[in-house]
Amino acid sequence: ALSQLFSEIPSDFELSILAVQHLSDNCDINFIVDRLSEQCSLTVKEATEKKALQKGLIFLAPPDYHLLVEQDYSLSLSTDDKVNFSRPSIDVLFESAAIVFGNSLIGIILTGASNDGARGAQRIKKEGGIVLVEDPQSAEFPYMPQAAINACRPDHILKVKDIGAILPSIVKDRKPSSPQE
């Protein structure tokens with residue numbers, strides 16, 4: 001789902017993208033970064049501690065670390081307890097990013113087999129941000145997108161390819177709260 005989404009995003013995309021994928025602790029993140037890089041026009045990197053956000057880059061959370069956004073628009077990694085049986089957790093990322101970016105944040109929930117992301121989607125909506133959710137009927141694993149739909153009122157429920165297609169127009173309608181976004 002991530003490769004399909006990222007392949008739809010144009011090379012002149014104006015925001016940073018932070019991605020959490022539930023991976024096993026011993027997963028080869030370099031393989032995933034390389035594979036995603038081959039399939040999209042943006043640069044994909046493993047997220048690292050204190051890395052500043054940059055427009056047009058995709059940062060992928062490393063296995064066994066929560067990914068957070070700090071007030072200075074840098075990334076932070078944490079080995080705090082698992083959330084929803086996951087580390088990295090989508091909720092952890094969404095909640096920290098919602099605090100920093102408020103109504104300029106766009107959160108996306110794709111296929112998955114847990115309710116991770118639902119609470120974070122609620123927080124994004126509370127802060128005035130936008131939530132896009134993969135249509136559960138088109139998802140390989142519908143539980144995660146359905147949990148997000150049940151938890152909040154998403155702005156759009158779409159197939160993955162349609163999320164990638166609509167994203168640039170949503171970004172143009174939003175005003176970023178930081179030049180790093």
Side-chain angles (χ1 to χ4, degrees), residues 1-9 13 15-24 27 29 32 35-36 39-40 42 44 47 53 57-69 75 78 82-171 173-174 176 181:
L2 282 178
S3 61
Q4 186 177 10
L5 173 65
F6 294 161
S7 70
E8 297 291 329
I9 298 174
F13 194 67
L15 302 180
S16 291
I17 298 174
L18 306 175
V20 168
Q21 184 173 1
H22 296 151
L23 303 169
S24 66
C27 177
I29 188 76
I32 296 171
R35 179 132 166 85
L36 290 173
Q39 298 173 339
C40 69
L42 299 175
V44 181
L53 294 176
L57 289 182
I58 298 170
F59 294 98
L60 187 62
D64 209 28
Y65 286 91
H66 292 303
L67 177 61
L68 299 96
V69 179
L75 301 177
S78 164
K82 292 182 178 184
V83 175
N84 298 310
F85 307 100
S86 301
R87 188 175 53 222
S89 167
I90 300 164
D91 281 334
V92 171
L93 172 60
F94 278 5
E95 289 172 357
S96 70
I99 292 167
V100 173
F101 295 115
N103 67 0
S104 64
L105 182 64
I106 302 168
I108 301 172
I109 302 284
L110 302 177
T111 184
S114 75
N115 67 345
D116 190 25
R119 189 179 72 218
Q122 285 178 324
R123 181 63 185 259
I124 291 171
K125 293 298 292 178
K126 179 181 176 188
E127 300 296 333
I130 291 178
V131 173
L132 310 174
V133 176
E134 180 179 5
D135 184 341
Q137 293 185 352
S138 69
E140 184 176 354
F141 299 100
Y143 189 82
M144 190 176 292
Q146 189 61 58
I149 292 167
N150 294 345
C152 74
R153 190 176 189 167
D155 297 276
H156 299 279
I157 301 170
L158 303 162
K159 293 180 180 177
V160 174
K161 67 181 178 76
D162 296 329
I163 292 173
I166 195 173
L167 201 51
S169 63
I170 291 172
V171 169
D173 293 341
R174 308 294 283 184
E181 284 186 77

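In plain terms, the two heavy atoms of Leu53 and Ser16 that are nearest each other are CB-OG, 3.4 Å. Minimum heavy-atom separation, Val69 to Ser96: N-OG, 3.0 Å. For the residue pair Pro62 and Ile29, the shortest heavy atom distance occurs at CA-CD1, 4.4 Å. When all heavy atoms of Ser3 and Gln39 are compared, the closest pair comes out as CB-OE1, 2.5 Å. Between Phe59 and Leu67 the shortest heavy-atom distance is O-CD2, 4.4 Å. Of all heavy-atom pairs spanning Gly107 and Ile124, the tightest one is CA-CD1, 3.8 Å.
Atom CE of residue Met144 and atom NE2 of residue His22 lie 4.5 Å apart, to the nearest 0.5 angstrom. Interatomic distance, CG of Asn150 versus CD of Gln146, reported as 4.5 Å (0.5 Å rounding). A distance of 6.0 Å separates CD1 of Ile106 from CG of Leu15, quoted to the nearest 0.5 Å. We find the CG-CD1 distance between Leu158 and Ile166 to be 5.5 Å, quoted to the nearest 0.5 Å. Once rounded to the nearest 0.5 Å, the distance linking CG of Leu110 with CG of Asp135 reads 12.0 Å. How far CD of Glu134 is from CD1 of Ile109: 10.5 Å, rounded to the nearest 0.5 Å.
Considering only heavy atoms from C-beta on, Ile99 stays 4.5 Å or farther from Glu127 through its side chain. Side-chain contact between Gln122 and Lys126: absent, with no pair of heavy atoms (C-beta onward) separated by less than 4.5 Å. Under the 4.5 Å side-chain criterion, counting only non-hydrogen atoms from C-beta, Leu132 is in contact with Ile170. Contact check for Val131 versus Cys152: side-chain heavy atoms found under the 4.5 Å cut-off. Looking at heavy atoms from C-beta onward, Leu93 lies out of side-chain contact with Leu68 at the 4.5 angstrom threshold. Using a 4.5 Å cut-off on side-chain heavy atoms (C-beta onward), Tyr143 and Thr111 make no contact. No side-chain heavy atom of His156 sits under 4.5 Å from any side-chain heavy atom of Asp162.
Proximity of a side-chain donor or acceptor of Asp116 to a complementary backbone N or O of Ile90 within less than 3.5 Å is detected. Of the possible polar contacts, none joining the Ser89 side chain to the Ser86 backbone as a donor-acceptor pair under 3.5 Å is found. A donor-acceptor pair under 3.5 Å is absent between the side-chain atoms of Ser7 and the main chain of Leu5, judged by distance alone. In this structure a side-chain-to-backbone donor-acceptor pair under 3.5 Å is missing from His66 to Pro88. Asp91 places a side-chain N or O within 3.5 Å of a backbone atom of Gly117 that can act as its donor or acceptor partner.
Atom CD of Glu140 has 12 or fewer neighbouring heavy atoms from other residues, nucleotides or ligands inside a 6.0 Å radius. In Phe6, the CZ atom is crowded: over 12 heavy atoms of neighbouring residues, nucleotides or ligands sit closer than 6.0 Å.
Residues forming a side-chain contact (heavy atoms from CB on, under 4.5 Å) with Pro142 (at least two apart in sequence, or on another chain): Pro136.
With respect to the salt-bridge test (charged N to carboxylate O, under 4.0 angstrom), the residues Arg87 and Asp64 qualify. Remark: Glu95 engages Arg119 in a salt bridge, criterion side-chain N to carboxylate O under 4.0 Å.
In summary, of the residues considered (Ile9, Leu57, Leu36), a side chain to side chain contact (heavy atoms under 4.5 Å, CB included) with Leu42 occurs for Ile9 alone.
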Problem - Derivation of the side-chain contact (heavy atoms from CB on, under 4.5 Å) call for Leu167 and Ile108 - result: CA-CA 10 Å; Leu167 201 51; Ile108 301 172; 4.1 Å; yes
Handout entry: side-chain contact (heavy atoms from CB on, under 4.5 Å) between Lys125 and Ile130, intermediate numbers included
Key = CA-CA 6 Å; Lys125 293 298 292 178; Ile130 291 178; over 6 Å; no
Practice task
Give the intermediate values and the outcome of side-chain contact (heavy atoms from CB on, under 4.5 Å) for residues Leu60 and Ile32.
Solution key: CA-CA 9 Å; Leu60 187 62; Ile32 296 171; 3.5 Å; yes
